[in-house]
Asker: 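Dropping a structure here in structure tokens format, bear with me for questions.
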Amino acid sequence: VKIPRYFGILAEVDLDAVLSPRMQEEGVPPKAREFWLKLKQEKRIATRPHITIVHSKSLSSETDLWERCSSLNQMEEPPMFRFKLGRVLFNGRVAATVVDDLRVDDTNQDGQQKGSQFITMLREDILHRLHITVGTGDASIMPVEAMGLVQDWKKGKNTGVDEVALENIVVK
């Protein structure tokens, strides 16, 4: 049996359709708009956006989380989650949306409260890294860089980072 590369939450969102109108608005930092247009032009916007919860590369240090993800993955009807896209961050190499307010979409559909329990058990450091990689500047840039961008930004390290606030974008 081949083990998965990662466990994540597949986001039902067309990033181009959701972000393009916002990126045209007044007040968007010029460098952010420039990078966005480059991503669009070079077709570097994620077509299967997802939130990576745990990657096989961190299996040794996050075995419990891997097991919990595996358990949800094996359910006949895994829970549906919902979350807000809070901001889009740009640093000239990657673009990422910050994921806020992760929760079970419909608690009535949450068999044995597995989804709610899953979220409750996520450590603070994991919640602080939740993001969707919007795109990378070129093929040599690994998408995992987006995680570092989000983690640093949340710690206040935002030198060279442009941010664009998003309003009322809820994704399942």
Side-chain angles (χ1 to χ4, degrees), residues 1-15 18-19 22 45-91 93-136 141-159 161-172:
V1 175
K2 189 177 173 196
I3 77 160
R5 270 188 328 144
Y6 65 89
F7 284 109
I9 297 172
L10 191 60
E12 296 177 356
V13 63
D14 178 337
L15 292 172
V18 168
L19 299 179
R22 178 65 181 102
I45 297 171
T47 54
R48 287 189 51 115
H50 64 276
I51 305 166
T52 300
I53 300 294
V54 63
H55 200 284
S56 61
K57 288 180 180 172
S58 61
L59 190 51
S60 60
S61 62
E62 296 188 323
T63 312
D64 290 351
L65 181 56
W66 185 271
E67 296 292 327
R68 291 200 310 272
C69 287
S70 183
S71 166
L72 281 186
N73 189 51
Q74 291 169 16
M75 290 177 69
E76 210 165 294
E77 279 192 52
M80 278 285 275
F81 296 100
R82 71 186 294 147
F83 52 89
K84 291 180 185 159
L85 298 183
R87 298 183 175 281
V88 191
L89 307 178
F90 299 87
N91 68 3
R93 290 180 55 83
V94 295
T97 62
V98 177
V99 168
D100 294 327
D101 199 24
L102 177 66
R103 60 181 59 212
V104 173
D105 181 47
D106 182 351
T107 50
N108 295 326
Q109 299 291 317
D110 188 11
Q112 297 104 46
Q113 300 295 297
K114 295 263 191 227
S116 301
Q117 184 182 30
F118 177 78
I119 292 170
T120 309
M121 292 178 75
L122 289 175
R123 295 188 322 257
E124 198 67 26
D125 63 312
I126 294 166
L127 291 170
H128 277 298
R129 73 181 185 211
L130 297 182
H131 70 282
I132 292 174
T133 301
V134 174
T136 61
I141 299 168
M142 299 299 289
V144 70
E145 274 193 39
M147 180 175 71
L149 170 63
V150 170
Q151 287 173 314
D152 287 349
W153 177 81
K154 284 194 171 189
K155 291 175 188 162
K157 298 177 189 170
N158 50 15
T159 306
V161 177
D162 287 308
E163 58 183 88
V164 177
L166 302 172
E167 299 277 326
N168 304 316
I169 299 179
V170 177
V171 178
K172 292 183 183 188

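Quick note: numbers below take in every heavy atom, side chains included, and nothing from hydrogens, waters or symmetry partners.
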Asker: Is Val134 close to Phe90 at the side-chain level, that is, under 4.5 Å between some pair of heavy atoms?
Answerer: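 Not touching, per the 4.5 Å side-chain cut-off.
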Asker: Minimum heavy-atom separation for Pro49 and Leu10, please, with both atom names.
Answerer: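 For Pro49 versus Leu10, the nearest heavy atoms are O-CD1, 3.6 Å.
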Asker: Quick check: does any side chain N or O of Arg48 sit under 3.5 Å from a backbone N or O of Ala11, one acting as donor and the other as acceptor?
Answerer: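 No, Arg48 side chain to Ala11 backbone: no donor-acceptor pair under 3.5 Å.
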Asker: With a 4.5 Å limit on heavy-atom distance, are the side chains of Ile53 and Leu130 in contact?
Answerer: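 Yes, at least one pair of side-chain atoms sits under 4.5 Å.
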Asker: Among Asn158, Val161, Thr133, find the one that has a side-chain contact (heavy atoms from CB on, under 4.5 Å) with Leu149.
Answerer: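 Filter result, single survivor: Val161.
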Asker: Kindly indicate whether the side chain of Leu166, heavy atoms from C-beta on, has any atom under 4.5 Å from the side chain of Val18.
Answerer: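 No; the side chains remain at least 4.5 Å from each other.
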Asker: Using side-chain contact (heavy atoms from CB on, under 4.5 Å), reason through Ser56 and Trp66 one step at a time and then give a plain yes or no.
Answerer: CA-CA 8 Å; Ser56 61; Trp66 185 271; 4.0 Å; yes
Asker: Hey, what do you get for CG (Asp125) to CD (Glu62), rounding to the nearest 0.5 Å?
Answerer: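 Here the interatomic distance stands at 7.0 Å.
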Asker: Heavy atoms only: give me the nearest Met121-Arg68 pair and the separation to one decimal.
Answerer: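 Here Met121 and Arg68 meet closest at O-NH2, 3.3 Å.
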Asker: Could you tell me whether the side chain of Ser116 and the main chain of Gln113 form a donor-acceptor pair under 3.5 Å?
Answerer: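 No, because the side chain of Ser116 does not come within donor-acceptor range (under 3.5 Å) of the backbone of Gln113.
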Asker: Roughly how far apart are Ile51 CD1 and Ile126 CD1, rounded to 0.5 Å?
Answerer: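 Those atoms lie 13.0 Å apart.
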Asker: Does the side chain of Phe83 reach to within under 4.5 Å of the side chain of Ile132, using non-hydrogen atoms?
Answerer: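 In short, these two side chains touch, coming nearer than 4.5 Å.
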Asker: Does Met80 have more than 12 heavy atoms from other residues, nucleotides or ligands lying within 6.0 Å of its CE?
Answerer: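 Count over threshold, so yes.
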Asker: Start with the C-alpha gap between Leu127 and Val99, add the side-chain angles, then the distance that decides, and say whether side-chain contact (heavy atoms from CB on, under 4.5 Å) holds.
Answerer: CA-CA 9 Å; Leu127 291 170; Val99 168; over 6 Å; no
Asker: Between atom CD of Gln151 and atom NE2 of His128, what is the distance when rounded to the nearest 0.5 Å?
Answerer: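 Rounded to the nearest 0.5 Å, the CD-NE2 separation comes out at 10.0 Å.
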Asker: Could you check whether the rings of Tyr6 and His50 sit parallel, tilted or perpendicular, using 30° and 60° as the cut-offs?
Answerer: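 If you compare the ring of Tyr6 with that of His50, the planes turn out parallel.
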Asker: So do Val170 and Lys84 actually touch side chain to side chain, heavy atoms under 4.5 Å?
Answerer: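 Sidechains of Val170 and Lys84: in contact.
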Asker: Taking atom CZ of Arg123 and atom CG of Asp64, what is their separation to the nearest 0.5 Å?
Answerer: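 Between Arg123 CZ and Asp64 CG, I get 8.5 Å after rounding to 0.5 Å.
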Asker: For Ser71 and Glu67, test the side chains for any donor-to-acceptor distance below 3.5 angstrom and give the result as yes or no.
Answerer: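 No, Glu67 and Ser71 have no side-chain donor paired with an acceptor closer than 3.5 Å.
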Asker: Would you indicate whether the side-chain heavy atoms of Asp152 and Asn91 approach each other to under 4.5 Å?
Answerer: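 They are not in side-chain contact.
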Asker: Rounded at 0.5 Å granularity, tell me how far NE2 in His131 sits from CG in Leu85.
Answerer: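 Separation between the atoms: 12.0 Å.
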Asker: Roughly how far, to the nearest 0.5 Å, is the CD1 atom of Ile169 from the OG1 atom of Thr97?
Answerer: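 Interatomic distance, Thr97 OG1 to Ile169 CD1, rounded to 0.5 Å: 9.0 Å.
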Asker: Taking side chain as C-beta onward, heavy atoms only, is Val98 less than 4.5 Å from Trp153?
Answerer: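 Of all side-chain heavy-atom pairs linking Trp153 with Val98, at least one is under 4.5 Å.
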Asker: Do the side chain of Arg22 and the main chain of Ala165 share a donor and acceptor less than 3.5 angstrom apart?
Answerer: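 A pair under 3.5 Å: yes.
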Asker: Using the rule given for side-chain contact (heavy atoms from CB on, under 4.5 Å), can you reason through Leu72 versus Phe7, listing the C-alpha separation, both sets of side-chain angles and the distance that settles it, and then say yes or no?
Answerer: CA-CA 10 Å; Leu72 281 186; Phe7 284 109; over 6 Å; no
Asker: Check the pair Glu145, Thr136 against side-chain contact (heavy atoms from CB on, under 4.5 Å), reporting the backbone distance first and the verdict last.
Answerer: CA-CA 9 Å; Glu145 274 193 39; Thr136 61; over 6 Å; no
